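What follows is a short report on a single structure.
No experiment lies behind these values; they were computed from the predicted model shown.
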Amino acid sequence: MKKLFFIVSSLVAVILVISIINYERSLKDSSPSKNIVNPPVSEQKPAPLQPIPVTDRIGYTLQNNELNITYDNGINWVTVPVVVDHLFSGEYNGNKTELIPDSFILSDKSAAFLTTIGPIKLIASLDNGATWQESIVYENAPAIRFRKVDFLNDQFGYVILSGDRTMSQEWSSIFITNDGGNSFREASSPGTTRLIYNGSFVNENIGFLSYGVINPEEPDFYVTTDAGYSWNQASFTIPEKYHKVFVTAEEPYKEGDHLAVLLNQGPNGDYMGGKVKGKFISFDQGLTWKFASEVAPNDEP
């Protein structure tokens, strides 16, 4: 009898526990449900374009992996139809957040950009970016190191290129346009394979090419007086005091009735801190040059 009573009591206890558990579950299930709403994912907007100034109003930016130009200090922008990587291709390891100096023109009158992968091209606009034209400067150029473009007027301009460098030797050439950049002709070469330092024209006939980048000991400077059809090596009369001091010719410029040019001290100069330059002048269209004076950095033209 006691055994039976114990079995029945145990069954009642089990049933009671089960009932309590089911009751608690029913309370949870009957409680108001809550809808979990994830906060909206905000779309990340690109950062506003910030111009790199060329003049007070004119500038450009390479943000978002595209080239944009502005003529009103960033209020309005025009996208240039170029691939940004093509602006830096070749032997260039510098800063790619800014355009390579001298590889572009950006002014009130014109915008022009050199692309140096595949055929060397000039992408240009004469109407503030409303329309663009593309012209081939050179069809089969090697990997480019030095690049420069400039125009003296609406029609006459030039492009200087160098590349395919091996140690201290490379190919270099200058290309001339007389139709505003629609077409280019390759000028003759001075015949040197030294690394080019710089080059320029002071008018449509007289131009210069300066060579010697690695350990120069004297200026290696060539002049054309017939728009690049022929070249002659210029000569410098350098006082003994400045031998192996002023060694690299920069861009000549007009000064009154003559031409003037600054010679710097090259990459290893240490005379007066290495910053002083020598000014030389020429009265025969740049064929011969005579020393005029020392020029401190703050006195450069």
Side-chain angles (χ1 to χ4, degrees), residues 44-108 110-125 128-129 132-151 157-175 181 184 195-200 210-211 213-214 248 250-251 264 266-267:
Q44 203 164 18
K45 296 181 179 180
L49 298 181
Q50 299 295 325
I52 297 171
V54 175
T55 69
D56 290 339
R57 297 181 302 102
I58 301 172
Y60 70 88
T61 179
L62 294 169
Q63 288 173 251
N64 306 324
N65 199 35
E66 62 182 16
L67 174 59
N68 288 281
I69 59 176
T70 178
Y71 289 91
D72 52 18
N73 203 29
I75 298 174
N76 296 288
W77 291 91
V78 176
T79 301
V80 182
V82 297
V83 178
V84 169
D85 286 346
H86 292 188
L87 301 168
F88 298 99
S89 57
E91 187 184 338
Y92 178 74
N93 298 312
N95 177 16
K96 293 185 179 181
T97 62
E98 296 185 12
L99 293 172
I100 301 173
D102 295 331
S103 70
F104 70 99
I105 299 168
L106 191 52
S107 68
D108 285 322
S110 62
F113 303 88
L114 281 175
T115 64
T116 54
I117 189 168
I120 308 300
K121 296 179 181 179
L122 187 69
I123 313 299
S125 173
N128 293 349
W132 296 89
Q133 71 173 29
E134 179 182 285
S135 55
I136 294 178
V137 178
Y138 190 55
E139 191 73 48
N140 299 307
I144 297 301
R145 182 187 67 83
F146 181 89
R147 64 209 79 187
K148 180 177 182 178
V149 58
D150 197 13
F151 277 78
Y158 59 91
V159 171
I160 303 173
L161 301 171
S162 79
D164 199 24
R165 183 167 75 99
T166 303
M167 301 298 287
S168 60
Q169 307 294 316
E170 68 180 0
W171 162 88
S172 64
S173 194
I174 188 167
F175 302 83
F184 287 84
L195 301 188
I196 194 168
Y197 173 76
N198 208 337
S200 64
S210 179
Y211 295 86
V213 174
I214 301 174
T248 303
E250 300 183 350
E251 294 183 38
N264 64 47

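Residues passing the side-chain hydrogen bond (donor to acceptor under 3.5 Å, both in side chains) test with Asn95, sequence neighbours excluded: Thr97. Scored by the side chain to side chain contact (heavy atoms under 4.5 Å, CB included) test, Pro53 finds no partners at all (sequence neighbours excluded). Take Asn264 and apply the side chain to side chain contact (heavy atoms under 4.5 Å, CB included) test, not counting sequence neighbours, and it matches Tyr197, Thr248, Glu250, Lys277. For Ser200, there are no side-chain hydrogen bond (donor to acceptor under 3.5 Å, both in side chains) partners, not counting sequence neighbours. Under the ring pair (Phe, Tyr, Trp, His ring centres under 6.0 Å) criterion, Phe151 pairs with no residue, sequence neighbours left out. Every residue meeting the side chain to side chain contact (heavy atoms under 4.5 Å, CB included) condition with Ser103, not counting sequence neighbours, appears here in chain and number order: Ile100, Arg147. Thr55 is linked by a side-chain hydrogen bond (donor to acceptor under 3.5 Å, both in side chains) to nothing, counting only residues two or more places apart in sequence or in another chain. With sequence neighbours left out, Pro81 forms a side chain to side chain contact (heavy atoms under 4.5 Å, CB included) with Ile123, Trp132.
Taking all atoms of both residues into account, the shortest heavy-atom contact from Leu122 to Ala112 is CD1-CB, 3.9 Å. Minimum heavy-atom separation, Ala47 to Gln63: O-NE2, 3.9 Å. Annotation for Gly181 and Ser135: closest pair O-OG, 2.7 Å, computed over non-hydrogen atoms. What you find for Ile160 and Ile196 is that their closest heavy atoms are CG2-CD1, 3.6 Å. Of all the heavy atoms in Ser125 and Asn128, the pair that sits closest is OG-N, 3.8 Å. Considering every non-hydrogen atom in both Val78 and Gly129, the closest pair reads CG1-O, 3.5 Å.
Within the structure, ring-ring contact (aromatic ring centres under 6.0 Å, His included) contacts touching residues 53-83 (residues at least two apart or in different chains) are Tyr60-Phe104. Applying the salt bridge (Lys or Arg N to Asp or Glu O under 4.0 Å) rule to pairs touching residues 61-82 yields nothing, sequence neighbours excluded. Among residue pairs with one or both ends in residues 89-108, those qualifying as salt bridge (Lys or Arg N to Asp or Glu O under 4.0 Å) are Arg57-Asp108, Glu91-Arg165; sequence neighbours excluded. Sorted pairs that involve residues 77-87 and meet salt bridge (Lys or Arg N to Asp or Glu O under 4.0 Å), not counting sequence neighbours, are lacking altogether.
In this structure, Asn64 and Leu49 have side chains that are in contact, with non-hydrogen atoms separated by less than 4.5 Å. Between Leu87 and Thr115 the shortest side-chain heavy-atom distance falls below 4.5 Å.
Counting only distance, with no hydrogens or angles, the side chain of Ser89 and the backbone of Thr116 share a donor-acceptor pair below 3.5 Å. Under a 3.5 Å cut-off, the side chain of Lys148 and the backbone N or O of Asn198 do not form any donor-acceptor pair. Side-chain N or O atoms of Thr70 include one that pairs as donor or acceptor with a backbone N or O of Asn76 at under 3.5 Å. Side-chain atoms of Ser162 come within 3.5 Å of backbone N or O of Phe146 as a donor-acceptor pair.
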Candidate pair Ile144 and Tyr92, rule side chain to side chain contact (heavy atoms under 4.5 Å, CB included), full reasoning: CA-CA 8 Å; Ile144 297 301; Tyr92 178 74; over 6 Å; no

Pair Leu99, Leu62 - check side chain to side chain contact (heavy atoms under 4.5 Å, CB included), show working. CA-CA 8 Å; Leu99 293 172; Leu62 294 169; 4.1 Å; yes

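Taking CD1 of Ile52 as the start and CD1 of Ile58 as the end, the distance is 14.5 Å to the nearest 0.5 Å. Summarising the geometry, atom CH2 belonging to Trp171 is positioned 5.0 Å from atom CG belonging to Leu161; distances are rounded to the nearest 0.5 Å.
Note on ring orientation: taking the six-membered ring where Trp is involved, the planes of Phe175 and Tyr138 are tilted (angle from 30° to 60°).
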